[in-house]
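Heavy atoms only: backbone and side chains are in, while hydrogens, waters and symmetry mates are out.
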Amino acid sequence: SGLYEDNTQFDKAEKYIIKSIDLQKKLFGTQNIEYAYRLNSHASILLNKGFYTKAFEKYNEVLDIYDDLGYQGYEKSNTLNDLGLAYWAFGDYKKAEKYLKESLEKTLDFVGRKNIDYANTIHNLALVYSDLGLFQKSEESFLESLKITREEFGENTEETIKSYRDLASHYYMNGLTTKAYSFIQKAIKTSENVYGKNNLEVSRNYKNYGQILKLNKDFKKAITYTQK
């Protein structure tokens with residue numbers, strides 16, 4: 001199931017996770033952590049397939065099992081993060097903020113600030129703040145996430161690229177083209193270093209740069225990057 005999900009073959013991924021859930025239930029029942037893990041995986045697949053309501057139900061079922069078991073482990077913070085992202089994708093930004101803040105608090109308790117999960121969750125909160133129109137909170141959260149990923153994991157990482165790309169979009173959407181230029185150029189350079197030039201992430205960054213150039217009426221250069 002995990003291999004198919006990683007390769008975006010979500011129907012096949014769902015087929016196998018359902019088999020895994022059914023087997024776990026038959027052998028050990030539903031009130032155990034492993035069963036909750038599998039439900040969480042199913043929720044992720046449903047989310048990727050665009051079945052938001054079903055994904056919400058699965059995530060909440062996972063949280064109910066954790067509560068019934070009195071479980072406050074690290075995986076609960078991951079489920080809260082996933083549920084927050086699901087609500088963000090659905091457009092319910094207030095609920096997204098609620099669950100992501102809960103996840104952030106638990107992650108901080110377990111592993112502290114200098115951790116990739118903390119950086120990812122605060123990055124996700126930045127996306128929510130941006131959509132809520134909270135410019136300063138969004139900027140501060142993006143920059144904190146970037147600082148952690150660069151200091152702890154280095155420049156040439158997927159997480160750093162994501163931070164550069166989303167900061168560029170953030171500044172672009174708020175009309176700050178100079179800052180948008182700076183960060184999208186960093187996203188391009190770093191993604192080329194990590195992936196080479198023939199990669200979807202690199203292509204996405206070229207496209208975003210083209211849009212920023214177009215906004216600044218540099219049409220010739222915008223066409224070049226859009227064609228790339």
Side-chain angles (χ1 to χ4, degrees), residues 37 40-41 43-44 47-48 52 55-56 59-60 62-63 66 71-176 179-191 193-194 201 204-205 208:
Y37 292 168
N40 200 92
S41 296
S44 173
L47 184 62
N48 280 311
Y52 294 103
F56 298 150
Y59 282 130
N60 280 300
V62 173
L63 292 174
Y66 288 155
Y71 178 74
Q72 296 296 325
Y74 191 37
E75 288 76 11
K76 186 172 184 178
S77 67
N78 291 332
T79 299
L80 290 165
N81 176 73
D82 293 346
L83 183 54
L85 268 183
Y87 276 116
W88 171 71
F90 187 64
D92 192 336
Y93 304 130
K94 285 296 183 183
K95 282 188 177 178
E97 182 184 15
K98 172 182 180 291
Y99 287 111
L100 287 170
K101 279 185 171 179
E102 287 183 33
S103 174
L104 200 65
E105 288 174 6
K106 290 187 178 299
T107 304
L108 186 60
D109 289 341
F110 279 107
V111 294
R113 290 179 182 274
K114 295 183 177 182
N115 176 274
I116 195 62
D117 287 330
Y118 182 87
N120 282 334
T121 301
I122 202 164
H123 182 98
N124 295 338
L125 257 177
L127 295 171
V128 174
Y129 289 144
S130 181
D131 285 327
L132 285 169
L134 301 173
F135 175 85
Q136 187 173 347
K137 277 190 171 184
S138 179
E139 182 183 36
E140 288 172 354
S141 298
F142 276 132
L143 290 172
E144 183 178 357
S145 176
L146 175 61
K147 184 174 185 290
I148 294 168
T149 55
R150 288 184 67 188
E151 288 180 354
E152 298 302 314
F153 307 101
E155 181 76 13
N156 293 322
T157 64
E158 180 182 343
E159 289 75 18
T160 302
I161 294 166
K162 180 175 67 174
S163 290
Y164 284 149
R165 182 192 69 220
D166 288 346
L167 268 165
S169 296
H170 170 74
Y171 288 127
Y172 164 72
M173 294 298 292
N174 286 279
L176 299 172
K179 286 188 174 182
Y181 272 135
S182 174
F183 281 103
I184 196 61
Q185 287 167 349
K186 288 178 181 179
I188 288 170
K189 181 181 178 181
T190 309
S191 59
N193 288 342
V194 172
E201 178 63 33
R204 185 183 293 116
N205 290 327
N208 291 349

Drop me the distance from [X]'s [atom1] to [Y]'s [atom2], to the nearest 0.5 angstrom.
X    : Y    : atom1 : atom2 : result
E97  : L134 : CD    : CG    : 7.0 Å
S141 : I122 : OG    : CD1   : 4.5 Å
Y172 : Y181 : OH    : OH    : 11.0 Å
L146 : K162 : CG    : NZ    : 11.5 Å
Y66  : K76  : OH    : NZ    : 9.5 Å
I161 : I188 : CD1   : CD1   : 11.5 Å

| request: Verify side chain to side chain contact (heavy atoms under 4.5 Å, CB included) between E152 and E159, making sure each step is shown before the conclusion. | output: CA-CA 11 Å; E152 298 302 314; E159 289 75 18; over 6 Å; no
Any donor-acceptor N/O pair, [X] side chain to [Y] backbone, under 3.5 Å:
X    : Y    : value
S44  : N40  : no
S103 : S77  : yes
N115 : D117 : yes

| message | With heavy-atom distances below 4.5 Å as the criterion, would you say the side chains of F135 and L176 are in contact? | response | yes
| Does L63 reach the side chain of L83, with side-chain heavy atoms less than 4.5 Å apart? | yes
| remark: salt bridge (Lys or Arg N to Asp or Glu O under 4.0 Å) filter on K189, not counting sequence neighbours, yields none
| request: In sequence, state the C-alpha distance, the side-chain angles, and the governing distance for R204 and E201, and then conclude on salt bridge (charged side-chain N to carboxylate O under 4.0 Å, His left out). | output: CA-CA 5 Å; R204 185 183 293 116; E201 178 63 33; 2.6 Å; yes
[X] and [Y]: which non-hydrogen atoms are nearest, and at how many Å?
X    : Y    : answer
A86  : Y52  : O-CD2, 4.1 Å
G154 : T160 : O-OG1, 3.0 Å
L100 : T121 : O-CG2, 3.6 Å
A96  : W88  : CB-N, 3.5 Å

| Do other residues, nucleotides or ligands put more than 12 heavy atoms under 6.0 Å from E155 CD? | yes
| task | Begin with the C-alpha distance, continue with both residues' side-chain angles, and end with the deciding distance and a verdict on side chain to side chain contact (heavy atoms under 4.5 Å, CB included) for T149 and I116. | result | CA-CA 7 Å; T149 55; I116 195 62; 4.1 Å; yes
Using atom types as modelled, flag every donor-acceptor pair under 3.5 Å from a side chain in residues 123-130 to any protein atom, sequence neighbours excluded.
from, atom 1, to, atom 2, distance (Å)
H123, NE2, D166, OD2, 2.6
N124, ND2, N81, OD1, 3.0
N124, ND2, N120, O, 3.2

| Chi angles and distances behind the side chain to side chain contact (heavy atoms under 4.5 Å, CB included) call for L104, L80 | CA-CA 9 Å; L104 200 65; L80 290 165; over 6 Å; no
| request: Establish, from distance only, whether the side-chain atoms of S191 and N205 form a donor-acceptor pair under 3.5 Å. | output: yes
| said: For residues 94-113, which residue pairs pass the ring-ring contact (aromatic ring centres under 6.0 Å, His included) check, not counting sequence neighbours? | reply: Y74-F110, Y87-Y99
| query | Could you go step by step and tell me if E102 and K98 meet the salt bridge (charged side-chain N to carboxylate O under 4.0 Å, His left out) rule? | reply | CA-CA 6 Å; E102 287 183 33; K98 172 182 180 291; 3.1 Å; yes
